[in-house]
Each structure stands twice: as C-alpha cells, then as structure tokens.
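In what follows, every chain begins at residue 1, and chains take the letters A, B, ... in the order their sequences are listed.
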Amino acid sequence: MKEYDHKKIEAKWQKEWEKKEVFNASDFSKKPKFYGLIEFPYPSGEGLHVGHIRSNTAMDIIARKRRMEGFNVLYPIGWDAFGLPTENYAIKTGISPEKVTKINTDIFRRQLKSIGFSFDWSREVNTTDPKYYKWTQWLFLQFLKHDLAYKAKININWCPKDKIGLANEEVVGGCCERCGTPVEKREKEQWMLRITKYADKLDKDLDDVDFLEKIKLQQRNWIGRSEGAEIGFKIKSSNSNVEDEIKVFTTRPDTIFGATYVVLAPENELVSNLKSKISNWEEVEKYIVKAKAKAEIERSADEKDPSTGSGQAKTGVQLKGLIAINPANNEEIPVFIADYVIATYGTGAVMAVPAHDERDFAFANKYNLPVLVVVSGGDGNSAYVGDGKMINSGKFDGQDSELVKKEITKFVGGKWVTKYKLRDWVFSRQRYWGEPIPVVHCDKCGVVPLSEKDLPLKLPKIAKYEPTNSGESPLAGISKWVNTKCPKCFGKAKRETDTMPNWAGSSWYFLRYCDPKNSKKFADIKKLKYWMQVDWYNGGMEHTTLHLLYSRFWNKFLFDIGLVPFSEAYKKRTSHGMILAKNGEKMSKSKGNVINPDDIVKTYGADTLRMYEMFMGPFDQAIAWGEDNIIGVRRFIERVWKIQNKVVSKTVFDTNMARTVLTTEEYKKFETLLHKTVKKVSDDIESMRFNTAISSMMILVNFMDKIEQIRKSDFEMFLKVLSPFAPHVTEEIWAELGDKKILSTEAWPKADPNKMKETEITIAIQINGKVRAETFITSDMSEADIIEYVKRLEDVDKWIAGKEIRKIIYVPLKLVSIVV
RNA sequence: GCCCGGAUGGCGGAACUGGUAUACGCGCACGACUUAAAAUCGUGUCUCGCAAGGGAUGUGGGUUCGAUUCCCACUCUGGGCACCA
C-alpha cells in the first residue's frame with residue numbers, strides 16, 4: 001500500500017488547482033453567485049497567526065461546499081498593509097515600509113498557499129499599492145464633494161518628550177508606550193468624516209441584515225440611538241440680569257421635578273462663557289485642567305468609593321454664583337461641573353435627579369445635595385431607575401411615569417429629540433505610512449481637491465519616518481513634495497501632509513475584489529451588480545464597531561450617490577473566537593508565545609492542521625492553543641487513507657462477506673449512518689459547527705474501519721463531504737480510485753431521507769423523573785401500543801407494581817415518563 | 001462601574017426547541033502483534049457502593065413528571081467600553 005505522504009500530496013494538488021484555475025471566480029457566469037469574505041490580513045512581521053488559519057479555513061469550507069453545490073464562488077484575499085507596526089519598524093530600522101510590506105506579504109502569501117485555501121489569487125489586492133489607493137483617495141474626494149469630510153479641532157494624545165501624536169493603542173496607562181512619559185492632550189486640526197449623518201440608517205438597516213444578534217446589539221449600543229427631551233434651565237446670577245440658559249438632554253423628563261442640581265461637562269463652552277459670573281473661578285479652572293488631562297478611559301473607569309467600598313467616586317466643583325431654575329417647579333438649584341458628564345454626548349449638560357439615577361445619586365451623596373423622590377417604587381436607599389406612579393410632581397401626580405414623558409417635556413417648554421452616541425470619525429493621521437489626503441491648501445482658494453487625473457498622489461520616498469517635532473507627518477519635511485501649484489488658480493499652494501487611517505483601505509476592499517484590475521473606476525457597476533452583496537462575511541468581534549461600521553457607512557454613502565447597487569454591503573455576518581496562547585493570554589511577539597504554523601504543516605500536513613483547528617472547539621468561542629489533540633486528527637486522516645484499500649465496485653460488493661457479518665441488515669445500518677452523516681455535516685457547516693461535523697465523520701470512519709468492503713459509491717459520498725475540511729488527501733484518494741475529474745468541482749451529495757430512517761429505536765423509560773429502564777420500539781408502533789408495552793416490562797413493573805399511576809408522558813421516539 | 005459571553009471527567013469538548021449527561025478526540029490502564037520498542041489494533045476509563053442503589057454539569061435557591069438547558073441570587077473567568085443621562 002502507498003504511504004500517506006502529506007508533503008507530496010499537498011504540494012501536488014496545490015499546483016494542480018492553480019494550474020487548472022479551479023478556484024477562480026468568473027464574472028457574469030450564469031451559475032448563481034456566492035461571495036464569501038474574510039477580513040484581509042494585516043501582513044505583520046510575525047507571520048501568519050494560527051487564528052488566521054482558523055477563520056480562513058471556516059470560510060474556505062463554506063466556499064468549497066458552495067462550489068460543489070453549483071455556485072460561482074468568489075473567495076478573495078488581499079493585504080490591509082498600511083499601519084503603525086510597519087511604520088514603527090521603519091523608524092527603528094530605517095528600512096522603507098514599502099520594502100517591509102513586500103517581505104511580509106510574500107511570507108503571508110506563501111503560508112496561506114501552503115494551507116490550501118481556495119482563494120481566487122488572481123484578484124489579490126494590496127491597500128498600499130498606488131493602483132489601489134488611487135481609488136481610496138478618489139473615494140475620499142467624493143466624501144469631500146458631498147460635504148461629508150470636514151476639518152475640526154480635536155484633542156489628540158501628545159507625548160511631550162517624543163513630540164508626536166499617539167494613537168490610543170500607543171498610550172499605556174496614560175503614558176507613552178515608548179518612553180513612559182505621561183501623555184498630554186493637544187488640540188489639532190483634523191480631517192473628519194461625517195458618519196453621524198448616517199447614524200439613523202446604520203441603526204435602522206440592521207433590521208434587514210442577517211448579522212449575529214450580538215453583533216447587531218453591539219453596533220446598536222455603539223450608535224446609541226436614544227430619544228429624549230432637550231430642556232432649557234434658565235440661569236440667574238448675583239451680578240447680572242442677562243438671561244442665560246443651560247440646555248440639558250434627558251431620557252427621563254418624567255423625573256424633572258426631582259432635578260435638584262444641574263451638571264455641565266468641564267469642556268462645555270458655556271462654562272467659559274459664564275466665567276465672569278462664577279465667583280470661584282480659580283477652583284473651577286483648576287478642575288477643568290485636571291479633567292482635561294485625564295484620559296477618557298480613566299474618566300470612564302470608575303474607582304470604588306473608599307468610604308463605602310462600593311459605588312462610584314464622582315468628582316466635581318460647584319459653579320458658585322450661578323443658580324439654575326428648574327422649569328417644572330421654579331425651584332432654584334445649584335450648578336456643578338463634573339467629569340462624569342461628557343461634552344460630546346447630548347448637550348454636554350444634564351439635569352441631575354439623584355433619586356432616579358445612580359451616578360447622580362452617588363454624586364449627591366458625596367456633595368450632600370438633596371434627593372427628592374418623584375417616582376414611587378424604590379426603597380429610598382439607592383436610586384430607583386424603574387418606572388412607577390409619579391409623586392411630588394404637581395399636576396402630574398398619580399400618573400404613570402413612562403407615559404408622561406412627552407407631555408411633561410411640552411409642559412416645561414422642551415423639545416423631543418433623537419440623539420446618538422456615535423461621533424464623527426477622525427480621519428487624519430500625522431504619519432507617513434498611509435494614503436496621502438489628496439488636497440492642497442491655497443491661500444486664495446482654500447482647500448482644493450486634486451483632480452482625478454492627478455491621482456494617485458503617491459507617497460514620496462523619504463529618509464526618515466519620524467513625525468516632525470511640530471506633530472506634523474514626516475511628509476511636511478519634504479518641501480519639494482509639499483510645495484505645489486493650486487489646481488484651481490495655478491498659484492502657490494501647499495499639499496496636505498496628513499495621511500488617512502488604516503481603516504480607509506479596508507472600508508471598500510470588498511468592492512475592489514469585484515473588479516480588482518480596473519484602472520478607469522474603483523469598480524465597474526455591472527460587476528458590482530453581479531457580485532454584491534457579500535453573501536457571508538466572517539470576522540472578529542473586535543471589528544464590530546469600527547471596521548464593520550465604517551465599511552457599512554462607506555457603502556451606504558456610495559449607494560446614495562449611485563456608485564454601488566446596494567445600501568448594505570453585507571448580507572450576513574458571523575464571528576469567530578480568538579485563539580489564545582496556552583496560558584490564556586493573547587499571542588504576541590513580545591511575549592514570545594506565537595505559534596508558527598509552518599512547523600505544523602511540515603510535521604502533520606495542512607489537512608491535519610485545518611481539521612485540527614476546526615475540531616478544537618466551538619468556532620465562535622475563544623480557545624487556548626494546545627497541540628495535544630492534533631495527533632487524533634492525523635490518525636483520523638490516516639485511517640481514511642487506509643480505507644481506500646477496502647473500496648470495491650458495486651458489482652463485486654458482497655453484503656454477505658463472511659468475516660464482517662455485513663448482512664443486508666448490517667449494510668442498511670451502515671447506509672443509514674452514512675446518510676445521516678452527510679446530512680449532519682451539511683447542516684453543521686451552515687451553522688459553523690465544524691467540531692461536531694468532524695466528530696460525526698469520525699464516527700462514520702470508525703464504523704467503516706470494521707467493515708471488510710466498502711462500496712465505491714458510498715465511500716465517494718463520504719469523501720465529498722470530507723473534502724472541504726481536508727481537500728488535499730481527499731483529492732488524492734479520489735484520483736487513486738480512478739476518477740478523472742477534480743473532486744473540488746464534483747457535486748455536493750444529498751442525503752436521502754428514506755435511507756436515514758431507523759426501524760428500531762431505543763427509548764428511555766422514566767419513573768418519577770428517573771431513568772429506570774430502556775427498550776426498543778419499532779417506528780410503526782402507536783403511542784398507546786408503546787405505553788402498554790412499556791408498562792408490562794419487568795424492569796418497569798417492579799417500580800410501578802401496586803402503585804397508583806398518576807400521569808404518563810410520551811415524548812415521541814425519545815422516552816416514556818411514568819409518574820406514580 | 002457598565003455591556004456581552006463562558007464555567008460539564010485527568011484534558012479539549014458533546015448533548016440542536018426542557019427529555020437516556022459525559023458523543024468525538026486526547027491522555028491513562030490492560031491486552032494482542034514484536035526478541036524489544038515505536039506504530040497499529042482490541043478492551044476499559046465520572047464517582048461512592050459487593051450489590052440493590054445513591055451522588056455529580058461553578059455555588060445556593062426556584063419552576064417542572066423531568067433542568068447542562070428556563071427563572072432568581074451569587075462566585076470565578078474571558079472579551080468589549082464612549083460614566084450616554
């Protein structure tokens with residue numbers, strides 16, 4: 001018998017598939033199309049991660065199944081290659097990011113090919129290729145044209161020692177990741193994309209897509225749509241009669257009679273506007289400076305209150321000299337600033353109702369502010385946030401709190417409004433390794449976009465990749481590149497030196513895959529019409545609120561201006577669990593716990609690695625890497641390899657083979673199991689339960705192991721369902737059995753329901769909820785027959801003899817439960 | 001602090017709508033083959049008990065003829081976070 005030589009077999013079929021272009025998608029084919037997508041990898045210096053293999057194999061199995069089901073499948077791959085690690089590596093080593101990217105993508109490509117993924121390599125894209133980013137720049141100009149891109153002053157993280165802006169990721173515990181210096185906030189003008197304009201659509205259209213519920217929930221929470229009231233609180237001050245007003249936003253206007261103070265965010269403009277009327281300005285200013293210095297994450301992460309050991313330690317300062325008027329009851333109440341109120345949400349000010357809001361309650365306790373209950377139902381010891389009958393609320397007393405919200409808003413002269421948590425997207429970076437933003441600044445004409453014929457605006461070659469001391473990108477130092485002519489008036493102008501974030505290229509790559517080589521357009525609309533939407537997109541949960549939302553936003557915008565055919569980019573979205581290192585930590589180069597898949601491919605083979613990663617646990621759950629179980633999958637594949645020697649053609653097949661008692665009846669049992677397995681594998685792939693699909697195939701193989709002969713057609717049926725998991729070895733056996741055509745293009749088998757029926761079924765018998773016996777029944781017995789039969793069984797009789805039967809429950813084909 | 005998951009043998013895990021808990025795999029033990037070992041194959045493997053039977057799905061309650069599954073409270077653990085008023 002031929003040895004199972006995975007190295008030879010895998011290399012052979014990878015070459016064969018490539019030569020025959022088995023996996024190339026064909027535009028406009030008459031077959032139904034299927035577009036399966038995985039998040040394209042960032043080609044890091046660490047090489048392919050075992051986590052990539054897990055998620056890519058999952059979609060590969062689906063893509064391969066769809067192909068066998070007769071679909072024209074697009075399963076593309078590319079490189080999301082702009083980004084910080086490559087740039088930081090360039091700063092450290094002086095090697096150009098371009099070169100580093102080339103080296104890394106070469107490694108990734110080789111590794112991915114060695115696993116046997118059925119990617120259409122002819123459509124490979126790379127976000128750092130000028131032919132690609134020409135269109136990223138062009139798309140940015142469309143945003144600019146439609147007033148969805150604008151400049152605004154934004155606080156950024158600033159390292160005063162390195163004199164550069166830092167990404168959130170580079171801030172560790174409030175300090176610069178590299179030098180440990182405490183990070184400051186600095187105002188900088190940034191390009192913004194107006195994603196908030198799409199907040200409503202991005203939220204509502206989730207109703208119509210097939211995303212996992214937890215993904216929808218997370219996006220909804222992120223967008224944070226909420227309806228509430230905007231209400232003005234008049235301000236009185238001791239040294240002025242001019243009327244100012246604090247606008248607050250609240251979802252609980254029904255509690256307004258219980259508002260005993262008002263709180264502004266420290267950054268709220270009104271605070272400085274009212275400076276002249278605030279008697280303790282020095283104290284207030286100190287607090288503002290302190291609050292601004294705190295990282296947002298620190299402001300949001302609560303510390304335990306040392307006095308109570310629980311709850312929230314809130315800080316704030318009263319704005320002395322100011323008095324607000326509660327419009328519901330005309331009570332005079334104090335005004336505070338506190339950093340638990342944030343400037344960017346709502347109106348940057350809240351009315352505080354300590355009796356019915358936990359944060360207000362904690363704050364009121366700390367500063368000894370009155371707590372006035374206006375909705376009954378609480379116990380008085382904590383904030384009651386539920387609904388109930390209203391009290392202490394004037395003419396609203398006795399009404400249901402949840403029903404009067406709009407009416408009470410009207411009563412105090414407020415407006416009913418919708419607010420979103422979502423903020424506009426900061427779209428510029430002061431970095432080198434990103435798409436240059438294609439505009440110039442002209443003294444006469446202002447911001448002038450480049451024209452399409454000037455795209456791509458290529459990154460110039462430079463010697464040093466560090467940002468400049470002024471916080472500008474290194475591009476600012478290339479005067480030859482910066483100084484240019486205004487495309488409008490041809491006068492002197494300067495180029496924008498900011499680049500785009502790494503999210504830019506990934507916001508539309510799924511569109512480029514439909515038409516990756518087009519030099520006239522970002523993608524041809526006819527091809528987009530054929531391939532879009534993405535039928536199934538699998539990715540990590542960590543991309544739910546940024547990449548996934550951003551790309552939905554881009555697609556919606558492009559739909560609105562008529563450039564893409566669907567408003568939603570993705571029909572279906574699922575997510576995978578992360579693979580962690582043995583100890584449960586994340587794998588990373590710095591921890592030295594990264595697993596190199598090359599070694600496993602060499603020792604066990606790609607088929608074993610693929611199957612092992614699918615078998616190790618539930619696909620949607622995180623799992624710690626361990627190699628103890630790999631051997632089990634390898635043994636399984638070797639067993640399948642050996643079984644090919646028992647395969648005989650139909651005419652020679654003998655159901656009465658002496659050694660194995662494969663009588664007609666026994667064969668029927670096998671046939672039933674085979675068809676059940678085919679059904680289970682088919683179903684499990686659709687619900688991404690790859691681990692149980694594999695275990696059911698193992699059960700079938702264990703059965704086949706014990707039989708002397710296998711009918712060829714039966715074995716082939718099994719090979720087909722195994723092939724998406726272990727494509728190389730199945731392809732080889734398929735050829736060994738004398739089949740000329742490639743297995744990957746064969747038709748997916750259908751399980752025959754008639755052959756899955758079992759004639760004899762084991763049922764359990766419970767007495768008072770405990771299993772006491774089991775017995776066989778045949779499928780033609782009626783319920784009454786079964787119950788009578790069961791009652792007469794010896795094992796049952798000893799439990800029920802002489803007792804009164806109170807109840808008998810029959811669960812079809814499962815059990816009989818007798819209560820005595 | 002908030003939100004979303006998870007907790008089942010020695011280990012990874014299975015049990016799909018409440019219906020025989022521990023499938024499948026690893027490991028381990030014993031046996032066969034072998035001069036021997038590896039590989040392979042076979043048998044066994046939650047726990048207490050001689051048995052009848054009892055106890056086990058993180059902990060404590062509840063609903064039910066019946067709960068890994070549903071409800072309440074809690075512990076531990078993974079992930080996310082923008083105190084969202």
Side-chain angles (χ1 to χ4, degrees), chain A residues 213-215 217-218 221-222 224-226 228 248-252 255 263 296-297 299-305 310-314 338-342 344-347 349-353 356-360 362-363 385 419-423 540-542 544-545 577-578 580 584-586 612 615-618 620-633 635-636 638-639 642 680 683-684 687 689 691-699 701-702 705-706 762-774 806-820:
Chain A
E213 267 322 303
K214 62 177 174 184
I215 296 174
L217 187 71
Q218 202 173 316
N221 288 344
W222 188 266
R225 183 193 151 91
S226 70
V248 306
F249 175 70
T250 177
T251 54
R252 294 295 305 274
T255 63
V263 191
E296 202 153 358
I297 191 85
R299 273 170 70 166
S300 61
D302 271 309
E303 302 145 40
K304 299 256 180 200
D305 191 320
S310 69
Q312 299 140 295
K314 304 287 177 205
D339 63 8
Y340 78 91
V341 175
I342 56 173
T344 49
Y345 182 71
T347 56
V350 302
M351 63 175 204
V353 186
H356 305 290
D357 181 283
E358 277 159 18
R359 287 148 307 169
D360 298 342
F363 191 82
V385 297
K419 297 270 180 195
Y420 299 92
K421 284 194 279 184
L422 188 69
R423 301 177 199 157
M541 273 316 275
E542 71 274 19
T544 303
T545 52
M578 241 190 270
L580 306 166
E585 282 181 332
K586 271 194 186 179
Y612 171 61
F615 184 60
M616 62 196 304
D620 60 345
Q621 266 169 52
I623 190 159
W625 181 259
E627 281 167 39
D628 295 347
N629 281 315
I630 287 186
I631 189 67
V633 174
R635 281 178 192 151
F636 166 78
E638 279 176 7
R639 236 183 264 179
K642 281 184 201 149
K680 176 144 180 72
D683 292 350
D684 279 356
S687 48
R689 293 204 302 231
N691 53 337
T692 52
I694 291 170
S695 100
S696 74
M697 288 190 282
M698 284 171 166
I699 292 169
V701 165
N702 287 346
D705 236 358
K706 296 192 174 95
T762 314
I763 62 162
I765 299 143
Q766 294 188 339
I767 287 120
N768 285 349
K770 295 221 172 214
V771 177
R772 296 299 184 186
E774 63 178 40
R806 298 235 309 260
K807 204 173 173 185
I808 295 181
I809 297 141
Y810 174 62
V811 182
L813 310 182
K814 287 253 168 77
L815 62 68
V816 175
S817 181
I818 302 171
V819 187
V820 297

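As a whole-Å value, the separation of A:Leu815 CG from B:G66 P is 13 Å. As rounded to whole Å, 8 Å separates atom C1' of B:U64 from atom NZ of A:Lys807. Atom NZ in A:Lys419 sits roughly 12 Å away from atom C1' in B:C84 (whole-Å rounding). The distance between atom CG of A:Leu580 and atom P of B:G78, rounded to the nearest whole Å, is 10 Å. In this entry the distance linking CD1 of A:Ile699 with P of B:G25 reads 8 Å, nearest Å. The distance from atom CE of A:Met697 to atom C1' of B:C24 is 12 Å, rounded to the nearest whole Å. Rounded to whole angstrom, the span from the NZ atom of A:Lys770 across to the C1' atom of B:A67 amounts to 13 Å. Between the CZ atom of A:Arg806 and the C1' atom of B:G66 there is a distance of 14 Å, rounded to whole Å.
With hydrogens and angles disregarded, a donor-acceptor distance shorter than 3.5 Å links the side chain of A:Thr347 to the backbone of A:Phe249. The backbone N or O of A:Asn221 lies less than 3.5 Å from a partner atom in the side chain of A:Lys421, making a donor-acceptor pair. Side chain of A:Asn768 to main chain of A:Val819: no donor-acceptor pair is present (N/O by atom type, distance under 3.5 Å, no hydrogens or angles).
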Checklist entry - After noting the C-alpha distance and the side-chain angles of A:Val816 and A:Ile763, does the key distance pass the side-chain contact (heavy atoms from CB on, under 4.5 Å) rule? => result CA-CA 7 Å; A:Val816 175; A:Ile763 62 162; 3.9 Å; yes

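In this structure B:C26 sits in a base pair with B:G10, meeting the Watson-Crick or G-U test at under 3.5 Å. In this structure, B:G49 forms no base pair with any nucleotide, since neither Watson-Crick nor G-U wobble geometry is met with both distances under 3.5 Å. Taking a pair to require two hydrogen-bonding distances under 3.5 Å in either a Watson-Crick or a G-U wobble arrangement, B:G18 remains unpaired. Nucleotide B:C70 is matched to B:G62 when pairs are restricted to Watson-Crick or G-U wobble geometry with both distances under 3.5 angstrom. When both distances must be under 3.5 Å, the Watson-Crick or G-U wobble mate of B:C81 is B:G1. Using Watson-Crick or G-U wobble geometry with both donor-acceptor distances under 3.5 Å, B:A38 finds no partner in any strand shown.
In this structure, the nucleotide among B:A82, B:A21, B:G19 sitting nearest to the side chain of A:Leu422 is B:A82. Set against B:C16, B:A85, B:G19, the side chain of A:Arg689 has B:C16 as its closest nucleotide. Side chain of A:Asp705, nearest nucleotide from B:C41, B:G25, B:A82: B:C41. Considering only the side chain of A:Ser226, B:A85 comes nearest among B:C84, B:G25, B:A85.
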Could you go through nucleotides 29-34 of chain B and list every protein N or O atom that sits under 3.5 Å from one of its N or O atoms, giving the distance for each pair?
none

Polar atoms only, N or O, under 3.5 Å: list the protein pairs with nucleotides 68-71 of chain B and their distances.
none

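B:C16 and B:U69 have their P atoms separated by 12 Å, given to the nearest Å. Taking atom P on both nucleotides, B:C76 is separated from B:G60 by 16 Å, rounded to a whole Å.
Closest non-hydrogen pair, A:Asn691 versus A:Pro618, comes out as ND2-N, 3.6 Å. In terms of heavy-atom proximity, A:Met541 sits nearest to A:Gln218 at CE-OE1, 3.2 Å. Between A:Val263 and A:Ala352, the shortest heavy-atom contact is CG2-CB, 4.2 Å. Closest of all the heavy-atom pairs between A:Ala693 and A:Asp684 is N-OD2, 3.2 Å. Taking each heavy atom of A:Met616 and A:Ile623 in turn, the nearest pair found is O-CD1, 3.1 Å.
The aromatic rings of A:Phe363 and A:Tyr340 lie tilted to each other, with the angle between the two planes from 30° to 60°.
The residue among A:Val350 and A:Trp222 whose nearest nucleotide of RNA chain B is located toward the 5' end is A:Trp222. Mapped onto RNA chain B by nearest heavy atom, A:Arg639 and A:Gly346 fall at different nucleotides, with A:Arg639 at the one closer to the 5' end.
Remark: A:Arg689 CZ to A:Asp620 CG distance equals 10.0 Å, nearest 0.5 Å.
Between the base of B:G79 and the side chain of A:Glu542 there is no donor-acceptor pair shorter than 3.5 Å.
In terms of phosphate contacts, A:Arg635 brings no side-chain nitrogen or oxygen within less than 4.0 Å of OP1 or OP2 of B:C41. Phosphate contact (OP1/OP2 of B:C65, side-chain N/O of A:Arg772, threshold under 4.0 Å): absent.
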Checklist outcome for this item: Counting primed atoms, P, OP1 and OP2 as sugar-phosphate and everything else as base, the B/S/- map of nucleotides 3-14 of chain B against protein heavy atoms under 4.0 Å is SS-------BSS

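Within the 6.0 Å centre-distance limit, the rings of A:Tyr612 and A:Trp625 are counted as a close aromatic pair.
Note on A:Asp705 versus A:Arg639: salt bridge recorded, some NZ/NE/NH1/NH2 to OD/OE distance being below 4.0 Å.
B:G9 shows a glycosidic angle within 90° of 0 and is accordingly assigned syn.
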